[in-house]
Structure formats: C-alpha cells, structure tokens
Amino acid sequence: MLIEQFLTQAICQTVNVLFQIQLTPQDITVQRTNKEFEGEYTLVVFPYVKHSKLPPPETANLIGNTLIKNFNNEILAYNSVKGFLNLVLSHTFLLNVFKTIHSIKNYGYEVENSKNKTIMVEYASPNTNKPLHLGHVRNCLLGYSLAQILKTQGYHIIKASIVNDRGVHICKSMYAWQQLSNGETPQSSGIKGDHLVGKYYVLFNNLYKKEVEELLLKGLTKEEAEKQAPCMLAVNNMLVKWEAKDEEVLTLWKTMNNWVYKGFDETYEKLGVNFDLVEYEHNTYLYGKTVIKEGLNKKVFYKKDNGSVCVDLTPDGLDEKVLLRSNGTSIYITQDIGTAIERFKNHPQLIKLIYTVGNEQDYHFKALFKTLEKLNYTWAKDCYHLSYGMVELPDGKMKSREGTVVDADDLIESMISTAQQTTEELEKTSHFDESEKIQLYKTIAMGALKYFILKVDPKKKMLFDPKESIDLQGHTGPFIQYTFARIQSILSKINSTDTIEFNAIDLHQKEKELIILNHDFKQVLQNAANQYNPAILANYIYEVAKLFNQFYSTCPIIKEHNTQKQNFRIQLIKQTANIIKPAMLCLGIEVPNRM
RNA sequence: GGUUCCGUAGCUCAGCUGGAUAGAGCAACAGCCUUCUAAGCUGUGGGUCAUUGGUUCGAAUCCAAUCGGAAUCACCA
C-alpha cells in the first residue's frame, strides 16, 4: 500500500511531464515483478506508447531513466524487457517501509468501532431437529471469520443467529419420541441432546416410509399415501396444537429444543464460534405479516383469487413470488422480510446485513432483496447474501436420508485423534504435560479443519473425502501454526531489543520479499473485508508462512554476527509473527507458542 | 425448458479490475537433521486453463456460442 502509493505517484508525475498528459495516480497500476527478472515492481508500458510515440522498449527506458534520476533515494535501478519496466527498489527505501509498518501498533487494523457503523453477520441459523453437519461447519466458519475480518476494519459487528425452532421438522422428532422413546433423555441415554433429537427424526422418517408403503399396498396413489400416513397426520395435528399453545405439546417442544440447544452450544464451543445475538423463530415469525398488509395497501403486492398474497418480480427476471399463504399463514420469505426490517429498525447504525447461507438459496435471497426494494426500503441494497457452495463427498452430495452426512461432532473427534496420532509419531510432545498435550491436539486438529475449509473460495463447492483425513503438512493450518511456533522458539532463545537501528545493511532477496509481503497485509485485510471473502486472507497467510520458512533456511539469525543485521532479522520475524497471529485469529484459528 | 453458478496438473485448490515462460500443496522420485523445531527446506517429472469463435499489441482472465456438472424455478425451510 505504502509502496504502491509511492510508485504510482512517482510514475504519474513522471509520465505526465514526459508525455504532456494528465493522469492521476489511480490511473496507474504496478504489479509485482516476475521471479525470473530483477526488480520488485513492474510497470507495463504498453498503455503509454501511444503518448510517447516510441516503441515499447524505448518508452520503458525513457520512463525508467527519468524515475531513477528524480527518485534516486527510492528507486535504485531499472531494467526493461520488451514492454515491461522492472524497478529495483533501494534498500533504504524498503527498510524505511519496514520501519513504518513495524512502528504501527496492530498494523492493518482500524480501532474497533472507530467507524461508528454496524454490520450484522448472520450465520449458523440451524434447524433444531438434527445435529450440525459439515455444511453447518462451513457456514459457521465462514460467518465467524468474516465477522472477525470486518471487525479489523473498524466496524461494530453483531454476530447473529436465528434458530429455526418451530415447524414440521421439530414436530416429527417430537412425535417419534412420544411414540418410541420410553422417555429416553440425554441424561438417561448418555446421548448428546441434538443427536438424540436427530435420532428420533430419523426414526420418524423410517416410520413414515413404512406407513406410506403399507398404504400403497392398499391401493392408494403415492400422493394420497404420503398425505394420509397416520404419523404425518399426527404431526400436522401436533403443529396445529403448537400454534394453539397446547400445554402438553409446548412442554415437550421446549424440553426437546433445550436438549438441542445444549448440544449445539457444545459444538459451537468446539468450533470456537459464538454469537452476540440469538433470535428464535417462534418469536419472530409473525413480524412479516403486517408488512405484507402494508404492501398490499400500497399496491406493491396483490391478492390472488385463492387469497394468497404475491409480488410480481417478473420485470426483474424473477417469477411471481408468494408472500402469504391462501390460509393467511406466513412462509419463509414472510419471516425474512419481517426480521430484516426489525433489524434495521433496532440498529440505527446498521449499514450492512450479511446472510451466510448456502447457494441453494440464491434465488430466495434475490427475491427477498428485490421485494424489500419494492417496499422502498433504501437499505435493501445493503443486504448481502454470502452464498457458499455445498460441501460434497466423493460420491456426491451429503444426504441425510442415505446416512451420508458427515456429522460435525464426529468429524471434530476424528480430527483430534488424527492430530494426536501424528504428533505422537513425530515425538513432538515428550516434554509437554498432559493437559498441554490435550490442548495442543485440539489446536492442531481445529487448525487443520478450519484452514482446510476456509482456504477455498466460498462461492465454490468443495470436496471432502471422509476416508482421507485432512492433511497436516503442506498448504495447511498446522503448517502456519508450526511456522509461528518456530518464530516464538527463536525469539525465546535470543535476548532481543526493540531498537530499529539498522540503516545501511544489505538486504537478501528473501528479506526484501518478506518486507513487501508483510507490508501487503493491510491491503489483503481490506480486500478480504470488501469482498466478504476469508479465503483471500487464508491464502495470503500461507504465502507469508511459506516465505518465512524459506527465509529461515537461508538467513540464519543466531549465526549472524553483524549486530545490526541480526537485529533487523529479529524485528522482521517479530513483525511476521505480528501478522500471522492476528490473521489466523481472524480465521478463528489458534496459534500455539510451541508444537 | 428458463435463470444462476462452476469446469485450471493424477487429486485438492490458488491465479480472474486483461500483461512476461499459468502457480502452490498432496501423491511419485532424488537430495538435506553435528548449526535457531525436518509438521521444514532444495530439486525432478507432471498442463490443449472444457471446446470453438470474437474483442486487441496481448486472453486462464472480457464477450458469444457449444459441451459437461451443480443448484434453483413450492402456499418447504
């Protein structure tokens, strides 16, 4: 950022004078120089040949000559290859850049809430009829990480979850439990609450399937059978009773939901995610109805003959969307309209509302935002759907009915035991005490899992093979954690000061690269925040760790006897650690001091 | 059928506001622990960037068409 700013200004000034044109620094872009050429930054001169009226190489030479003449403190030399002008930055300039970023506390960060603006990130938002699975894990990690990243840009962040705690799905679990459980509870069975409720959800589906088959044998059509299956009738009846606040049903509903919440909380804790605001749908699902009425009065919506209320989105390339059932009850989008309005009403500083939801709902959110726009809410444009791809298994999509879902708790457990096994094989922890070991296994396991998920672009689908455990080597979370631990180890063996007395030292290639990469951190954080994409940060921090490891194997510190040089290297790796740690925390990944 | 998204090495992924000979990791092979942690470093092999056309000095990147995959088009959530 600092460097690009300087270069674009310098180049802008130069070409304006040379070619009698009027560009601004924003019109100029520089890029990093390719490995095989000398230099750090490159200007592509093709855009300027029509002004210079010279062939590209001569244009490059002309610009290069003028630059080193006018900016000889910063630019040491240049070389031009075809139309590419490669600039070699001076060591003092790079050292000054380094001193600048090193002197800034929390480089790359804005003070929390300094913008006095609020962003709400909604994620997780589970149904309460079954435990969390790998898809939820991706959702939670993305949402949490994005919230952390946005926080670094000076926003006040509200992490929100809206729990879908009512409806047919939970009634299915309730009915099956009533019929089949003999009063089984998490306490009596030792089963985690969400898994227990999930178990009865599965049992319900089995029962339903059996009943439908029986009815089919009796000669009913498939459609009739699916509607008339006794258990389904019972569930529908239960839902009616719930809405009528039947005490028995309500008590059971509360009991079973509480089992689930307790289970979810454990899983969230293991994932290291949390929320500032938890809403429950049974409280919020009626909000939207009055809005629909208003829209009807304003003629934004219309009532169809059968009594349902619709909005016409065909001018916007979408379809006609039903907003209220003919029997007057609300549906998904009705609720979402209501909660969005409530949220902007309750939080006056809210400038962005981000929904972390899978891409299967792209259409829904388009319709939702468009509808809000039609209702003339100016903030409709501030709603954003963070859409992410499904997690797929080698043999296709996860399907709960076929039992191919990867359960979140199971996955975490197996990651921990993999981490433990590998760590023991490497004999890393012989002098760790027992509790430290357990902590470390968890840290590594979650680091591997989180990084594995966050490094891929959210919008792309990703593949997970349960048969192969997630790697701990290479482009992984543990690699970065390991790098951090090494830095801590070096620092602990050296009595370091914080002086930055290193003025006239020669920089090794890897040192230059590491300075520049450190310097890029601010821009990367901004990009990740602006594009709502934690993967940008994840891939960047791997580059940093990789470069550190290369630097580390070529530039010894303890063996370096030039004290200025040694001090510089110490400060450089300190700064690197100062970037790795917060970046990893933005991804929700802990970094251990030793491993 | 309409709409949207995706297609890069054997596998998992970067790169996409157009720039030089397309990058990592895993897997395979060959080196490096008497020197700050070998979960590391160095090297080798591996590519028709789905296909075809267009835009231009220049295309994995932008546009169009085609092929392949996915999602969605519910008075489900």
Side-chain angles (χ1 to χ4, degrees), chain A residues 29 31 33-37 42-47 49-50 56 81-84 86 125 127 164 167-169 281 304 306-310 317-336 357-364 366-367 387 389-390 392 394 396-397 419 422-423 425-426 428 444 448 452 455-457 459-465 468 470-483 485-494 535-536 538-540 542-543 545-546 548-554 556-560 569 573 594-595:
Chain A
T29 49
Q31 60 191 50
T33 302
N34 276 20
K35 272 198 268 270
E36 57 261 50
F37 301 106
T42 294
L43 176 74
V44 181
V45 301
F46 287 106
V49 295
K50 62 171 180 279
V81 183
K82 291 183 270 178
F84 298 88
N86 302 321
S125 302
N127 288 357
N164 183 15
V168 230
H169 55 273
E281 257 187 30
K304 303 230 304 190
N306 61 15
S308 61
V309 179
C310 299
L318 304 174
D319 303 270
E320 177 182 74
K321 185 87 188 165
V322 177
L323 301 175
L324 209 57
R325 288 192 186 100
S326 48
N327 65 9
T329 55
S330 71
I331 53 177
Y332 189 34
I333 193 164
T334 327
Q335 300 171 36
D336 275 353
V357 181
N359 65 8
E360 64 213 346
Q361 293 192 37
D362 284 355
Y363 180 82
H364 168 77
K366 268 187 198 161
S387 162
M390 299 290 100
E392 289 181 6
K397 229 185 138 179
T422 311
T423 308
E425 274 166 23
L426 292 169
K428 290 271 187 187
I444 293 171
F452 177 82
K455 77 170 173 181
V456 346
D457 187 334
K459 73 167 186 265
K460 293 195 181 179
K461 69 176 181 352
M462 60 176 291
L463 196 106
F464 176 79
D465 189 346
E468 283 178 51
I470 293 171
D471 280 326
L472 304 177
Q473 284 169 20
H475 190 172
T476 65
F479 171 86
I480 303 165
Q481 292 171 320
Y482 174 67
T483 304
R486 267 171 134 177
I487 293 178
Q488 297 313 306
S489 164
I490 296 169
L491 293 176
S492 72
K493 285 175 188 160
I494 284 177
I536 293 173
N539 285 298
Y540 162 79
Y542 169 72
E543 293 299 324
K546 191 179 155 70
F548 168 80
N549 278 295
Q550 292 171 350
F551 159 81
Y552 171 83
S553 60
T554 48
I557 291 161
I558 286 173
K559 272 175 71 181
E560 177 58 59
R569 286 182 181 168
I573 68 166
R594 54 180 191 150
M595 66 184 276

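Residue numbering restarts at 1 for every chain, and letters A, B, ... go by the order of the sequence lines.
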Base, sugar-phosphate, or nothing: which does [X] touch, judged by heavy atoms less than 4.0 Å apart?
{"X": "A:Gln361", "result": "base"}
{"X": "A:Tyr363", "result": "sugar-phosphate"}
{"X": "A:Ile331", "result": "sugar-phosphate"}
{"X": "A:Met462", "result": "sugar-phosphate"}
{"X": "A:Asp336", "result": "nothing"}
{"X": "A:Thr42", "result": "base"}

[atom1]-based separation of [M] from [N] [nearest Å]:
{"N": "B:G53", "M": "B:G58", "atom1": "P", "result": "16 Å"}
{"N": "B:U8", "M": "B:U55", "atom1": "C1'", "result": "23 Å"}
{"N": "B:C33", "M": "B:A28", "atom1": "C1'", "result": "23 Å"}
{"N": "B:G40", "M": "B:A20", "atom1": "C1'", "result": "32 Å"}
{"N": "B:G10", "M": "B:G47", "atom1": "P", "result": "7 Å"}
{"N": "B:A74", "M": "B:A14", "atom1": "P", "result": "32 Å"}

Exercise. Can you tell me if A:Thr483 and A:Asn549 form a side-chain donor-acceptor pair at under 3.5 Å?
Worked result: yes
For this session: Ignoring hydrogens and angles, state whether a donor on the side chain of A:Asp362 or A:Ser387 is under 3.5 Å from an acceptor on the partner side chain.
Result: yes
Given [options], identify the nucleotide with an atom nearest to the side chain of [X].
{"X": "A:Asn34", "options": "B:A20, B:G25, B:U37", "answer": "B:A20"}
{"X": "A:Phe37", "options": "B:A20, B:A24, B:U42", "answer": "B:A20"}
{"X": "A:Leu472", "options": "B:A39, B:G25, B:A70", "answer": "B:A39"}
{"X": "A:Thr422", "options": "B:A77, B:A39, B:G40", "answer": "B:A39"}
{"X": "A:Ile557", "options": "B:C36, B:G19, B:U21", "answer": "B:C36"}
{"X": "A:Lys546", "options": "B:C41, B:G40, B:A77", "answer": "B:C41"}

Problem set entry | Strand RNA chain B as a dot-bracket string - pairs counted if Watson-Crick or G-U with both distances under 3.5 Å, | where the partner lies in another strand | (((((((..((((.....[...)))).(((((.......))))).....(((((..]....))))))))))))....
Exercise. Mind telling me whether B:C33 is syn or anti, cutoff 90° either side of 0?
Worked result: syn
For this session: Determine: side-chain N/O of A:Lys428 to OP1/OP2 of B:A39, distance under 4.0 Å, yes or no.
Result: yes
Exercise. Are OP1 or OP2 of B:U12 and a side-chain N or O of A:Lys460 less than 4.0 angstrom apart?
Worked result: no
For this session: Report, as a single string ordered 5' to 3', how protein heavy atoms within less than 4.0 Å touch nucleotides 54-59 of chain B: B base, S sugar-phosphate only, - not at all.
Result: ---B--
Seminar exercise, completed: Atom CG of A:Asp362 and atom P of B:U4 are separated, to the nearest Å, by 11 Å
